[in-house]
Amino acid sequence: MSSSRYVKTAAGHAEIQSKSLALSRPVRNLLLVINDSQPGTFWLQQIRGLADSDLNALLEAGLIVEVAGSAGAPAAPRPARKPEPAADEGPDTVPSAFDPQGGDAAASLLQDTLQAIGEASYSALYDTLTAQAKGQLGLVKGYRFALEVERAAGPTELQTLARRFTQGLRDDHGMAAVRQFLDALRAAG
């Protein structure tokens, strides 16, 4: 079962915000990071102290659901990453501000992305940012960014994070990564 891929339900998102259920710390961490970018076994191995029964508990509680047709699906290839910055090179997530400067060829794509961010529903933006961040930033940085997404107080803050994320993608991975984010955002909403 854990070779399948999973996504959070609306109840799962609500539980992350409210913390109303008595979930152990490892299970709560699993709920926070799980998405359909990797199979369930991957996520179970990433968090110490988890077993298949913990994944089943989240399923039975209705906090996650299996993605249709995901059993045994191969993981999407990860794009090449820039080397990690030195400790004195600044923050290790995404830029603190959006800088729209770019080449003429990229300007249209950036404008389309900004427009899609502005028009996206809260849930589409939330889901896309969470899934894309982990894939593009790696597990640790993606987890930190997912926490920033969780702390966003509303659509305006989430859109600001999405703009910063777009800038980070452009700077770290190039315009192909921005295109991938835009395509995922459009597909989600």
Side-chain angles (χ1 to χ4, degrees), residues 5-10 12-14 16-17 32-38 42-43 46 67 70 73-189:
R5 293 167 188 256
Y6 303 91
V7 293
K8 290 181 257 317
T9 63
H13 290 291
I16 290 170
Q17 293 291 327
L32 181 63
V33 301
I34 198 164
N35 64 56
D36 62 348
S37 69
Q38 296 290 336
F42 173 83
W43 299 115
Q46 297 303 309
V67 176
S70 68
R78 293 198 45 184
R81 299 199 55 213
K82 267 180 33 176
E84 296 294 326
D88 60 340
E89 286 187 70
D92 62 350
T93 58
V94 293
S96 60
F98 181 71
D99 176 19
Q101 302 301 316
D104 290 337
S108 177
L109 177 59
L110 286 173
Q111 188 62 35
D112 289 348
T113 304
L114 293 175
Q115 182 177 353
I117 289 169
E119 295 172 352
S121 69
Y122 180 87
S123 62
L125 195 54
Y126 176 95
D127 292 341
T128 304
L129 278 175
T130 303
Q132 289 284 309
K134 290 173 188 154
Q136 297 288 356
L137 299 175
L139 187 61
V140 174
K141 289 180 184 179
Y143 179 76
R144 288 180 187 153
F145 188 77
L147 290 175
E148 288 184 59
V149 171
E150 291 297 330
R151 285 191 297 260
T156 304
E157 285 187 27
L158 202 57
Q159 290 172 346
T160 301
L161 280 174
R163 289 183 193 100
R164 285 179 39 215
F165 181 71
T166 301
Q167 177 70 32
L169 285 180
R170 188 188 79 183
D171 293 347
D172 293 346
H173 303 289
M175 293 310 292
V178 173
R179 167 59 68 191
Q180 182 182 5
F181 172 67
L182 176 59
D183 292 344
L185 184 58
R186 285 180 173 161

A.B. asks: Not counting sequence neighbours, which residues clear salt bridge (charged side-chain N to carboxylate O under 4.0 Å, His left out) with D183? List them please.
C.D. replies: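 Counting only residues at least two positions away or on another chain, D183 forms a salt bridge (charged side-chain N to carboxylate O under 4.0 Å, His left out) with R179.
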A.B. asks: From L158 CG over to E148 CD, what is the distance, rounded to the nearest 0.5 angstrom?
C.D. replies: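 Nearest 0.5 Å value for the CG-CD distance: 11.0 Å.
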A.B. asks: What heavy-atom pair brings S37 and W43 nearest, and what distance separates the two atoms?
C.D. replies: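 That closest heavy-atom pairing would be OG-CZ2, 3.6 Å.
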A.B. asks: Do Q132 and Q180 come close enough that some side-chain heavy atom pair is under 4.5 Å?
C.D. replies: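 Yes. Closest side-chain heavy atoms under 4.5 Å.
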A.B. asks: Could you tell me if the side chain of F165 sits less than 4.5 Å from the side chain of Q136, heavy atoms only?
C.D. replies: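 In short, these two side chains touch, coming nearer than 4.5 Å.
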A.B. asks: State which residues pass side-chain hydrogen bond (donor to acceptor under 3.5 Å, both in side chains) with Q46; sequence neighbours excluded, sorted by chain then number.
C.D. replies: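 Applying side-chain hydrogen bond (donor to acceptor under 3.5 Å, both in side chains) to Q46 gives none.
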A.B. asks: To the nearest 0.5 Å, what is the distance between CG (L169) and OG1 (T113)?
C.D. replies: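 L169 atom CG to T113 atom OG1 measures 9.0 Å (nearest 0.5 Å).
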A.B. asks: Mind checking the CD1-CZ spacing from I34 to R5? Nearest 0.5 Å is all I need.
C.D. replies: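 Going from the CD1 atom of I34 to the CZ atom of R5 covers 11.0 Å.
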A.B. asks: Would you check if M175 and L110 make a side-chain contact, meaning some heavy-atom pair closer than 4.5 Å?
C.D. replies: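 The answer is yes; the side chains approach within 4.5 Å.
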A.B. asks: Would you mind reporting whether F181 and L129 have side-chain heavy atoms less than 4.5 Å apart?
C.D. replies: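 They are in side-chain contact.
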A.B. asks: Out of curiosity, D172 CG to L137 CG, how far, rounded to the nearest 0.5 Å?
C.D. replies: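 One finds 7.5 Å between CG of D172 and CG of L137.
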A.B. asks: Search all heavy atoms of N35 against all heavy atoms of A131 and return the closest pair with its distance.
C.D. replies: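 Shortest heavy-atom contact: ND2-CA, 4.1 Å.
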A.B. asks: At their closest point, which heavy atom of L125 faces which heavy atom of A120, and how far apart are they?
C.D. replies: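 So the minimum-distance heavy-atom pair works out to CB-CB, 4.4 Å.
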A.B. asks: What closest approach, in Å, do I16 and K8 show between heavy atoms, and which atom pair accounts for it?
C.D. replies: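 The answer is CD1-CD, 3.4 Å.
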A.B. asks: Is the shortest side-chain heavy-atom distance between T166 and L114 below 4.5 Å?
C.D. replies: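 Side chain of T166 against side chain of L114, heavy atoms only: no contact under 4.5 Å found.
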A.B. asks: In the structure I gave you, are the side-chain heavy atoms of D127 and V7 within less than 4.5 Å of one another anywhere?
C.D. replies: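 They are not in contact (no side-chain heavy atoms under 4.5 Å apart), so the answer is no.
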A.B. asks: Tell me the closest heavy-atom pair linking F145 and A133, and the distance in Å.
C.D. replies: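 Looks like CD2-CB, 3.3 Å.
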